[in-house]
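All of these numbers come straight from a predicted model, not from anything done at the bench.
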Amino acid sequence: MAILIVTAGILVAASIRQDFEEVLATEYRALERQALQAESQVGGVLRGLNVGLRGLVADQEAAPRLPAQAISQHQLAFLKEFPEVRTVTATDETGHVTAAESIQTPQDLDAIRKFNIAERDYFRFHRDARAVDLERVHISRPFIGVSKRWIVVASRAIRGKNGEFRGVVVTTIIPTFFEPVLREILANDVVDAAAIHNRQGDVLYRLPDPEKHIGKNVSKGAAFQRYLQSDSHVTRYLGTVVTDNLKRVLVFGKVGDSGLDVGISAQYDRVVAKWYPVAAAKAVLYGLFVVLALAFSKELRRRQDARMALSRSEARFRLLFEESPVGFLTSDGEGNIVLMNRAFMAIFGYEPGEIKTMSEWRQTIQAEQQGAVRDEEVEPPRHKAAETTRQFEEVVTCKDGATKTVLMRRLHLGDDMLLAVVDISERKQAEELLKDREELLNTMSSMTHTGGWVFDPVSGQGHWTRESARIHDLPDDAPIDVAKGMDYYCEEYRDTIRAAVNDVAEKAEPYDLELEIVSATGRRKWVRTIGEPIVEQGKVIKVQGAIQDITRSKAAETELKARNEELERFNRAVIGRELDIIELKKTINTLSMELGREPPYPLAFLAGKDGDIGK
């Protein structure tokens, strides 16, 4: 069977490959026909231009020399015949302009007649021409002219009777000169791009988007290099082109000996789009063949190994079903309970056979929503075309009367239904405990006017607690970052907090500062701010800390300091008065003693300090 499938695959692959090559060959042939047509038309246009140029050259070579007025009339007639030609100029052998006319840009004639074109490439081409190029029309590379537009020069040499060089006749051509030819080529649905190049790789004109491509050089592209290296009149190429960086099926054709070529192309994706349906159809047919072959082979093996495989499968399923930590229950399309595993029985406390139907089980567990089985009882799975799985939480009553919170997921298996149940009671309790702790933390934070914060030292982004936002008179959910947070500090403290934040982020140095802020509502507050680094592998990965509103304690501290200072002043005043009285009493006692009287004031308490004055 494997050999048959491989052989068929090789034959189909070869057929698909052959179809692809035929589609590509057909496209190449169509493009080559268009290239030949374009060559013929471009050649015809150039021949017409050459005939006109010969007439203008003949005017310059005439003997005796034609009057200037006649030469001018002939040049104007030429310009009317070729409206894409902007100017006609004739020069002598030194490059000086001897005659010039223009219908489109007559304002440029005075400047043109003063030109000397001796150093121009096309002038040197004719002056230094080889014998084979003496009568050749030269097409220049495109360049930006005085009118700030792209132009191309078509020129022909003026020669004497013996072929000596006597000057050139020069025509400046707008690149749209080639548009009618390319427009006709693009009318064919096989082609979506056409261009005319010179042998240097310059794009003289291209459709579509001519303004985007005129003057662009494609000489370094692989397609153009293959064309230059080819001796064939027509060159094929498949690959990405530098013109628009798209993969294309491309044909180059040489336009006689003019030095020009035409490039006709189609996008590769559009070409192979014709091949895709056939290839896809053959691939699908092969796939069907493989499927049928494999199915036939498997059927043969299945018939031979059915009992053994079924036994092993049932054993594995039973083991998985019974040993799974997730509770499982299965029911048939009529709502009858078929199986329940150990985990399911452990969650609800029921043994197999105690509850026989989903309806009975739903009533027994007294679920708040009862959504896990209600839909199944009303509308069996085989009648449902849309929802096949559903998940939700339920608070259920177990056999022993205890309530549990469980997560249920329902899955349809054909006409059967599988119900998976996970006891999440502990998780819900943990969530409630966490919620209570968060509320307690928020309460404590509010009572102590202390908030927390954390930020990433690299991005500067972070978050804070509700109390931190309230300290700044901001909404509880107001976003924050380091730069914004430091802007709330009074200007005289900003350098201090910035230095502290930089040190904790870069040097892992914690800080504990008391500074003043201006809140979002303009209130000035004193805060205590603490920052601590979180370091991993020697690098600060986060900075966390706390901020406490200490405005009241600061105010109390200031008031206490003022009261102390006032009390000290009062004490100094009182003590000074008492000392003056003591000195007066000491003086009176001394005078009394000198008069032989008893000292009237007892100053014994000063005996240890001032001798016997107190006696």
Side-chain angles (χ1 to χ4, degrees), residues 393 405 407 424 426-561:
E393 289 184 10
T405 302
L407 182 66
I424 59 172
E426 293 185 0
R427 190 188 79 185
K428 296 294 287 188
Q429 292 173 1
E431 289 175 355
E432 291 295 327
L433 179 60
L434 179 61
K435 183 178 178 181
D436 292 343
R437 288 181 178 178
E438 288 181 352
E439 291 179 355
L440 177 61
L441 179 62
N442 288 332
T443 300
M444 294 175 61
S445 177
S446 177
M447 291 177 63
T448 61
H449 300 292
T450 303
W453 51 263
V454 64
F455 72 85
D456 182 342
V458 177
S459 66
Q461 299 299 309
H463 59 273
W464 56 13
T465 63
R466 288 182 293 180
E467 189 61 27
S468 295
R470 291 171 186 169
I471 291 173
H472 291 77
D473 292 336
L474 288 169
D476 292 351
D477 58 352
I480 191 63
D481 57 44
V482 175
K484 185 176 180 181
M486 289 194 291
D487 286 343
Y488 287 105
Y489 286 89
C490 295
E491 187 173 354
E492 60 267 29
Y493 298 113
R494 286 180 189 167
D495 290 342
T496 301
I497 189 64
R498 285 194 180 104
V501 170
N502 288 337
D503 286 346
V504 73
E506 297 176 4
K507 304 176 183 177
E509 295 180 1
Y511 65 83
D512 186 344
L513 301 171
E514 292 184 1
L515 307 171
E516 197 171 7
I517 66 170
V518 177
S519 73
T521 59
R523 294 195 298 168
R524 296 178 73 93
K525 298 181 180 181
W526 279 95
V527 297
R528 180 185 180 189
T529 176
I530 299 173
E532 296 284 345
I534 300 176
V535 181
E536 285 188 6
Q537 298 179 352
K539 183 179 179 181
V540 178
I541 60 168
K542 284 186 180 179
V543 177
Q544 65 181 11
I547 184 168
Q548 182 181 22
D549 185 350
I550 60 171
T551 304
R552 290 185 179 180
S553 63
K554 271 290 186 180
E557 181 182 331
T558 301
E559 183 177 356
L560 178 62
K561 183 178 179 181

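- Taking a cutoff of 4.0 Å between a charged side-chain nitrogen and a carboxylate oxygen, Lys542 and Asp456 do not qualify as a salt bridge.
- To the nearest 0.5 angstrom, Thr405 atom OG1 is 7.0 Å from Glu393 atom CD.
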Assess whether salt bridge (Lys or Arg N to Asp or Glu O under 4.0 Å) is satisfied between Glu516 and Arg528, documenting all intermediate values.
CA-CA 9 Å; Glu516 197 171 7; Arg528 180 185 180 189; over 6 Å; no
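- A donor-acceptor pair is defined here as one N or O able to donate and one able to accept, closer than 3.5 Å; such a pair exists between the side chain of Thr465 and the backbone of Gly452.
- Gln544 pairs by the side-chain hydrogen bond (donor to acceptor under 3.5 Å, both in side chains) definition with nothing, not counting sequence neighbours.
- Residues Ile471 and Val527 are in side-chain contact: their nearest non-hydrogen atoms beyond the backbone lie under 4.5 Å apart.
- For Glu426, the salt bridge (Lys or Arg N to Asp or Glu O under 4.0 Å) test picks out no residue, with sequence neighbours left out.
- Applying the salt bridge (Lys or Arg N to Asp or Glu O under 4.0 Å) criterion to Asp473, with sequence neighbours excluded, gives Arg523, Lys525.
- Trp464 places no side-chain N or O within donor-acceptor distance of the main-chain N or O of Ala546, the cut-off being under 3.5 Å.
- Of all the heavy atoms in Ile530 and Trp453, the pair that sits closest is O-CZ2, 3.2 Å.
- Legend: residues meeting salt bridge (Lys or Arg N to Asp or Glu O under 4.0 Å) with Glu491, ordered by chain and number and at least two apart, are absent.
- Taking the side chain as every heavy atom from C-beta outward, Ile550 and Glu514 approach each other to under 4.5 Å.
- In this structure the side chain of Ile517 never reaches within 4.5 angstrom of the side chain of Trp526, judged on heavy atoms.
- Two residues are said to be in side-chain contact when any heavy atoms from C-beta on lie closer than 4.5 Å; Ile541 and Val535 fail this criterion.
- Residues satisfying the side-chain hydrogen bond (donor to acceptor under 3.5 Å, both in side chains) test with Asp481, not counting sequence neighbours, are none.
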Show me the side-chain donor-acceptor pairs of residues 498-511 shorter than 3.5 Å, one per line, residues at least two apart or across chains.
residue: Asn502; atom: ND2; partner: Arg498; partner atom: O; Å: 3.2

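- Ile534 places none of its side-chain heavy atoms less than 4.5 Å from the side chain of Val543.
- A side-chain donor-acceptor contact under 3.5 Å links Arg494 to the backbone of Tyr489.
- Summarising the geometry of His472 relative to Ile547, their closest heavy-atom pair is CE1-CD1, 3.7 Å, with the distance given to 0.1 Å.
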